[in-house]
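This report concerns only the one structure given below.
Treat the numbers as computed from the prediction; the structure is a model and nothing was measured. Ligands are counted one by one from 1 in listed order, and the atoms in each one are counted from 1 as well. Along the sequence shown, residues carry numbers from 1. Side chains are part of it too, since the values below use all heavy atoms of this structure and drop only hydrogens, waters and symmetry mates.
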Amino acid sequence: MTKNESKTQTEKMTYNYHTHTYRCRHANGKIEEYIKRAIACGVTHMGFSDHAPYICTNGVESVFRVPVSEVGGYFSEISALKEKYKEQIDIKIGFEMEFYPRHFEKMLNDVIEYGAEYLILGPHYIEEEQPSGVHVIQKTDSVKRLEKYSNCIVDGIKSGVFTYIAHPDMINFTGDVEVFQREIRKICSAARECNIPLEINFLGIRDNRNYPNEAFWEIAGEERSPVTFGFDSHETVDAYDEISLVRAMEIVEKYNLNYIGKPNLIMLEK
Ligand SMILES: [Zn+2]
Ligand SMILES: [Zn+2]
């Protein structure tokens with residue numbers, strides 16, 4: 001048996017910093033049930049990272065994130081459970097947030113003010129979703145969009161406030177392969193230089209989405225970028241996802257990825 005084979009068989013997840021709640025309006029179940037499921041499956045370090053509240057420049061509030069009016073409830077509800085289960089599991093409360101260059105200073109100030117302990121960068125939109133933003137999961141062959149996407153992630157990595165980059169391979173680029181590789185290499189080399197992990201996202205595996213994108217992970221392997229895993233739980237059962245774990249480990253082995261396991265948390269300070 002090779003070293004890699006034994007690793008596949010024994011690998012367990014004892015951490016997960018990518019968990020959503022019903023407050024984003026597209027996740028389900030009681031928060032306590034997510035925690036119980038995680039504990040039952042051996043998770044010792046868990047983070048809630050629901051979509052950070054966001055009001056667009058035109059005044060329209062984002063509809064798939066925690067509403068500003070519920071931020072207090074988000075923190076108080078999870079804080080009470082964090083205390084209740086503290087002997088069994090270490091829980092952190094943060095957000096998954098975009099990196100919008102022109103708005104980032106305010107975005108960061110806001111989430112720190114709300115009480116976020118940590119952040120993960122989730123690049124879903126390149127520009128604000130209102131009034132005319134397009135989700136990065138929509139197919140595109142625009143080099144300009146790809147360049148904006150990679151630049152945003154690189155700047156997000158360099159900001160030093162994100163614990164890791166969620167689904168860095170979400171963009172659904174259908175254009176020139178060499179252009180894709182060039183832009184992805186920027187992300188992967190910045191991740192290595194700044195030691196910020198890139199996440200293999202288990203929701204993408206569960207839902208059979210366009211990510212994990214192997215063309216991305218091939219470059220991450222060449223660049224020796226640090227790699228971590230995230231369940232991206234939107235249902236209580238996904239507070240542990242052992243089925244997708246098998247697939248994620250296959251990708252790690254196929255591309256000889258620098259899988260670091262649990263990421264080092266970058267804690268925010270008020
Ligand atoms: Zn979500
Ligand atoms: Zn996301």
How about H18: does one of its N, O or S atoms come closer than 2.8 Å to the Zn ion (ligand 2)? no
Measuring centre to centre across the rings, with the benzene-like ring taken for any Trp, is [X] within less than 6.0 Å of [Y]?
X	Y	answer
F202	F229	yes
Y17	F162	no
F95	H51	no

Looking only at N, O or S atoms, find the one in E96 nearest to the Zn ion (ligand 2) and name it.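 For E96, the N, O or S atom at the smallest distance from the Zn ion (ligand 2) is OE2.
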Do the side chains of E129 and R65 get close enough for a salt bridge, i.e. N-O under 4.0 angstrom? yes
Do you see an N/O/S atom of H51, backbone or side chain, under 2.8 Å from the Zn ion (ligand 1)?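 So H51 does bind the Zn ion (ligand 1) by this criterion.
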N/O/S atom of H26 inside 2.8 Å of the Zn ion (ligand 1), strictly under: yes
